[in-house]
Structure formats: structure tokens, C-alpha cells
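Just below is one structure, and these are the notes that go with it.
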Amino acid sequence: INMVKFAAALVKRPRGRACAVLTRDCQGQKAWAKDLAAQTGAHHLDLLDHFAGNTDLAAKVSDYTVDQLFTFLKGISTTPITIVTCTEFLKATWSAQPGAEEDFARHLETWESQPALLFLLQHSNALADYKFSSRLQGQTFVVAQKDTLALS
């Protein structure tokens with residue numbers, strides 16, 4: 001998958017305007033996202049840096065829900081797409097919230113807001129195996145980073 005073209009197509013979707021790229025290269029995810037953002041004119045948001053820089057958010061991280069994340073991301077940027085990295089610390093807290101992984105997948109599938117969202121996440125079998133509904137035929141919601149072309 002050519003991620004530059006994929007990001008452009010994601011922005012044009014009327015619904016399902018979010019996806020997750022699953023990576024096994026957690027150390028390189030920030031650099032990859034910055035490179036993709038530079039090539040697409042996207043906003044890059046590193047959630048770990050964002051939470052670390054906001055003491056109010058950091059204090060509430062254990063109670064932060066999937067819904068709160070997507071509400072926060074609505075309108076976060078004036079660019080057509082936001083690339084979100086370093087969500088692993090949130091996913092760890094969500095493991096204590098029943099159904100959070102499925103809720104995250106449903107948000108990917110139903111996201112209609114601005115900006116379009118591309119999450120770069122550590123590989124998750126639950127998300128990789130999630131059965132998205134057939135109402136949005138032909139739309140990809142989860143991509144393995146190993147199946148993408150080099151960004152250079």
C-alpha cells in the first residue's frame with residue numbers, strides 16, 4: 001500500500017475516515033509518522049508527548065476512555081488529516097475497560113469528522129482480527145505496516 005495515496009483517499013471518504021496502521025517497530029513509529037506527515041501535509045500528534053505536557057490530562061490517564069480520545073481528536077487540527085502516534089499507554093489503561101478495543105474499532109469505522117485520522121499503533125491481534133461491518137464495502141480500516149511501501 002502506498003501510504004501517501006492511502007492518506008489522500010482516507011481524507012476523501014464521507015464516512016469511515018479513520019484507520020490504524022499496525023506496526024511491530026515501536027521505536028521507529030514516531031519517525032515514520034513524521035515522515036508520512038511531511039509527505040502528506042498532515043498534522044502529527046504524539047499522544048504521549050501531549051499527555052506528558054498537560055498535567056490535567058496526565059492525572060486522568062487511568063480514566064481516559066476511547067470516547068474521550070475521539071472527542072478530543074475532533075477538530076484537533078486544521079489539516080485534512082492527523083497522524084496519531086504513541087497511544088500504547090492509553091491502550092494499556094483501556095485493557096481494564098471491557099470492550100474498549102472493539103469500541104476503538106467502531107470509532108475507526110464510523111468516524112465522519114474532521115480531520116481524517118491515521119493511527120500508528122503497536123500490532124494488536126484483536127484489532128487486526130476485528131470484523132468491520134460490510135456497510136462500507138471496500139474500505140480498509142487496518143493496515144499492517146509491513147504491507148506498505150517505503151516512504152522514501
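- At least one side-chain heavy atom of Asp49 sits less than 4.5 Å from a side-chain heavy atom of Lys30.
- In this structure, OG1 on Thr85 lies 4.0 Å from CG on Asp46, to the nearest 0.5 angstrom.
- For the atom pair CD (Gln39) and CG (Asn2), the distance works out to 8.5 Å, reported to the nearest 0.5 Å.
- Under the side-chain contact (heavy atoms from CB on, under 4.5 Å) rule, Leu117 has a single partner from Leu45, Leu69, Thr82, which is Thr82.
- Annotation: side chain of Val11 is in contact with side chain of Arg17 (closest heavy-atom distance under 4.5 Å).
- Taking 4.5 Å as the limit, some side-chain heavy atom of Val21 sits within range of a side-chain heavy atom of Met3.
- Across all non-hydrogen atoms, the minimal contact from Ser77 to His43 is OG-CB, 3.3 Å.
- In this structure, CH2 in Trp32 is found 5.5 Å from CD in Gln145, a value given to the nearest 0.5 Å.
- Hydrophobic clustering places Val66 together with Leu90 (ILVMFWY residues linked when any side-chain heavy atoms are closer than 4.5 Å, directly or through intermediates).
- Between the Gln29 side chain and the Thr23 main chain, no donor and acceptor come within less than 3.5 Å of each other.
- Heavy atoms from other residues, nucleotides or ligands lying under 6.0 Å from NZ of Lys34 number 12 at most.
- With values rounded to the nearest 0.5 angstrom, Thr87 atom OG1 is found 4.0 Å from Leu121 atom CG.
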With side-chain contact (heavy atoms from CB on, under 4.5 Å) as the test, would you mind laying out the steps for Asp103 and Asp67 before giving the verdict? CA-CA 8 Å; Asp103 193 26; Asp67 287 339; 3.6 Å; yes

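- Between Leu108 and Cys19, every side-chain heavy-atom pair lies at or beyond the 4.5 Å cut-off.
- Smallest separation of non-hydrogen atoms from Ala7 and Ile81: CB-CD1, 3.9 Å.
- Scanning both residues, Gly99 and Arg106, for their nearest heavy atoms gives O-NH2, 4.5 Å.
- The heavy-atom pair separating Lys74 from Ser113 by the smallest distance is CE-OG, 3.3 Å.
- Here the closest non-hydrogen pair linking Gly75 and Pro115 is N-CD, 3.8 Å.
- Cluster annotation: Leu149 is not connected to Leu151 through the hydrophobic network of ILVMFWY side chains, with a link wherever side-chain heavy atoms come within less than 4.5 Å.
- For the pair Tyr130 and Val142, the minimum side-chain heavy-atom distance is 4.5 Å or more.
- Atom OG1 of Thr71 is separated from atom CG of Leu73 by 9.0 Å, given to the nearest 0.5 angstrom.
- The line from CG of Leu47 to NZ of Lys91 is 12.5 Å long, rounded to the nearest 0.5 Å.
- For the pair Arg13/Gln139, a side-chain contact is recorded, criterion being any heavy-atom separation below 4.5 Å from C-beta on.
- Applying the ring-ring contact (aromatic ring centres under 6.0 Å, His included) rule to pairs touching residues 55-93 yields His50-Phe72, Phe51-Tyr64, Phe51-Phe89, Phe70-Phe104, Phe70-His107, Phe70-Trp111, Phe70-Phe119, sequence neighbours excluded.
- Within the 4.5 Å cutoff, no side-chain heavy atoms of Leu22 are placed close to those of Gln122.
- Side-chain contact between Leu118 and Leu36 is present, with heavy atoms from C-beta onward closer than 4.5 Å.
- Considering all non-hydrogen atoms of both residues, Gln114 and Pro80 come closest at OE1-O, 4.3 Å.
- Relative to the six-membered ring of Phe132, Arg15 misses at least one condition, a distance below 6.0 Å or an angle of at most 45° to the axis.
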